[in-house]
**Student:** 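One structure, as structure tokens, below. Some questions next.
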Amino acid sequence: MPDNEKSMAYGGPMSLLKKKHKHIRDAYLKSVLLEVDDYLDMHYIFRSEKQYQGLWGRLVALGDIQRAEEHETRISQERYREEHVYGSSPEALEMFRQMMEQQESFGTKLMRLMMSKGLDPITVYKKANIDRKLFSKIKSQKDYLPSKRTVMALAIAMELPLDEAQELLREAGFAFSPSILSDVIIEYFISHQKYDFDEINAALYAYDKPVF
């Protein structure tokens, strides 16, 4: 498929065959990015599924990508658990609060996970490029849930294997999405135990996605 046609197929600069990627000089980085590209062919819905192939499939993909990313933006932000019962009766809200008192917070589970791995929290949040105030909020506010991006950064900083990274995301109410390009890129690095933020950011930048 020609470069310009491949770009149309996925709604943007989606391939390392694009001209901008030919300027990457570092051989190791180029090999990593090519592996990411192959991983996307198998795991990113808008490349892997037959319904998005061919001229009509490419047109359908453009709309579906936009809707998927808009939905992701809405659901992936930081929030408080009480928002899930917003608008409920006072009795239901009080029952929810009592239930929350009996459950561990995300922050407590996070700190326990760090302790079990012998990790220094300060080192972790600095490596994840997370603000100290935000990290304190995660630890101290029982009903607070960080954004999906923050949880992913923590998983990378702690060098979690994929199953543990998935579990950490679930604890905050998230999951890797095969329809979100940045999710699949990050999933590649975690699944291959590559935790270098510079490499991850280089791949995200290569596909015009926000870096950590």
Side-chain angles (χ1 to χ4, degrees), residues 67-191 193-198 200-201 203-205 209-212:
R67 283 188 287 273
E69 291 181 349
E70 288 174 351
H71 176 70
E72 181 72 9
T73 299
R74 288 195 300 271
I75 68 170
S76 64
Q77 305 305 308
E78 63 182 50
R79 64 195 189 282
Y80 290 87
R81 292 183 189 271
E82 287 188 8
E83 292 178 5
H84 294 297
V85 290
Y86 179 77
S88 298
S89 67
E91 294 79 9
L93 186 57
E94 180 58 30
M95 184 180 298
F96 175 80
R97 286 175 175 162
Q98 290 177 6
M99 180 185 70
M100 284 298 302
E101 288 298 321
Q102 300 171 3
Q103 292 182 349
E104 281 189 320
S105 66
F106 175 84
T108 298
K109 292 176 181 178
L110 175 66
M111 296 306 294
R112 191 175 72 248
L113 180 59
M114 288 186 191
M115 186 179 299
S116 70
K117 293 181 176 296
L119 298 173
D120 174 40
I122 296 176
T123 301
V124 170
Y125 80 70
K126 285 185 175 179
K127 182 179 178 182
N129 197 28
I130 293 174
D131 181 78
R132 179 179 61 83
K133 291 182 179 179
L134 173 58
F135 189 72
S136 177
K137 189 176 183 180
I138 293 171
K139 288 196 305 178
S140 62
Q141 297 191 20
K142 188 165 186 176
D143 59 346
Y144 177 77
L145 294 170
S147 70
K148 183 177 183 179
R149 195 78 170 174
T150 296
V151 180
M152 286 182 169
L154 288 167
I156 295 166
M158 289 190 286
E159 300 189 359
L160 298 181
L162 183 59
D163 60 338
E164 292 184 15
Q166 290 169 328
E167 178 59 28
L168 189 66
L169 281 168
R170 280 194 293 270
E171 292 292 348
F174 304 122
F176 286 109
S177 172
S179 61
I180 301 300
L181 180 58
S182 58
D183 277 22
V184 183
I185 292 171
I186 293 166
E187 183 183 66
Y188 161 82
F189 282 95
I190 293 177
S191 66
Q193 299 182 348
K194 297 177 183 287
Y195 302 105
D196 187 319
F197 275 98
D198 288 338
I200 296 169
N201 285 336
L204 291 169
Y205 177 78
K209 293 301 172 184
V211 302
F212 287 103

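Only this structure's heavy atoms are used, side chains among them; waters, hydrogens and symmetry mates stay out. Each residue takes its place number in the sequence, starting with 1.
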**Student:** Measure the NZ-CD distance between Lys148 and Glu78 for me, rounded to the nearest 0.5 Å.
**Tutor:**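 Between atom NZ of Lys148 and atom CD of Glu78 there are 15.5 Å.
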
**Student:** Within 45 degrees of the axis of the six-membered ring of Phe212 and under 6.0 Å from its centre: does Arg149 put its NZ or CZ there?
**Tutor:**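 Checked: cation-pi criterion met.
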
**Student:** So how far is it from Lys142 NZ to Thr108 OG1, rounded to the nearest 0.5 Å?
**Tutor:**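 Separation between the atoms: 7.0 Å.
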
**Student:** Can you give each donor-acceptor pair under 3.5 Å made by side-chain atoms of residues 151-164, sequence neighbours left out, with the distance rounded to 0.1 Å?
**Tutor:**
unit_1	atom_1	unit_2	atom_2	d
Glu159	OE2	Lys127	NZ	3.1
Glu164	OE1	Lys117	NZ	2.9

**Student:** Rounded to the nearest 0.5 Å, how far apart are OH of Tyr125 and OG1 of Thr150?
**Tutor:**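 Answer for the OH-OG1 pair, Tyr125 versus Thr150, is 14.0 Å.
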
**Student:** Where do Pro146 and Ile138 come nearest, in terms of heavy atoms and distance?
**Tutor:**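 Of all heavy-atom pairs spanning Pro146 and Ile138, the closest is CB-CD1, 3.9 Å.
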
**Student:** Please examine the side chains of Tyr195 and Ile200, heavy atoms only from C-beta on, and report whether any two atoms are closer than 4.5 Å.
**Tutor:**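 No, side chains not in contact.
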
**Student:** Has Ser136 got a side-chain atom pairing as donor or acceptor with Arg132's backbone, closer than 3.5 angstrom?
**Tutor:**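 No, because the side chain of Ser136 does not come within donor-acceptor range (under 3.5 Å) of the backbone of Arg132.
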
**Student:** How about Leu134 and Tyr144: do any of their side-chain heavy atoms sit closer than 4.5 Å?
**Tutor:**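 Heavy-atom side-chain distance check passes, below 4.5 Å.
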
**Student:** Please tabulate, for the side chains in residues 170-177, all donor-acceptor contacts under 3.5 angstrom to protein atoms that are two or more places apart in sequence or on a different chain.
**Tutor:**
unit_1	atom_1	unit_2	atom_2	d
Arg170	NE	Glu167	OE1	3.2
Arg170	NH2	Glu167	OE1	2.8
Glu171	OE1	Lys109	NZ	2.7
Ser177	OG	Ser179	N	3.2
Ser177	OG	Ser179	OG	2.9

**Student:** Got a second to check how far Met111's CE is from Leu119's CG, nearest 0.5 Å?
**Tutor:**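 So the CE of Met111 and the CG of Leu119 are separated by 10.0 Å.
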
**Student:** Could you measure the distance from the CD1 atom of Ile186 to the CG atom of Leu204? Nearest 0.5 Å is fine.
**Tutor:**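 Output value for this atom pair is 5.0 Å.
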
**Student:** Taking atom CG of Asp183 and atom CD1 of Ile190, what is their separation to the nearest 0.5 Å?
**Tutor:**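 If we round to the nearest 0.5 Å, Asp183:CG and Ile190:CD1 are 9.5 Å apart.
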
**Student:** Under 4.5 Å between any side-chain heavy atoms of Ile75 and Glu72, yes or no?
**Tutor:**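 Yes. Closest side-chain heavy atoms under 4.5 Å.
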
**Student:** Can you list everything that forms a side-chain contact (heavy atoms from CB on, under 4.5 Å) with Asp198? Sequence neighbours excluded, please.
**Tutor:**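 Residues passing side-chain contact (heavy atoms from CB on, under 4.5 Å) with Asp198: Asp196.
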
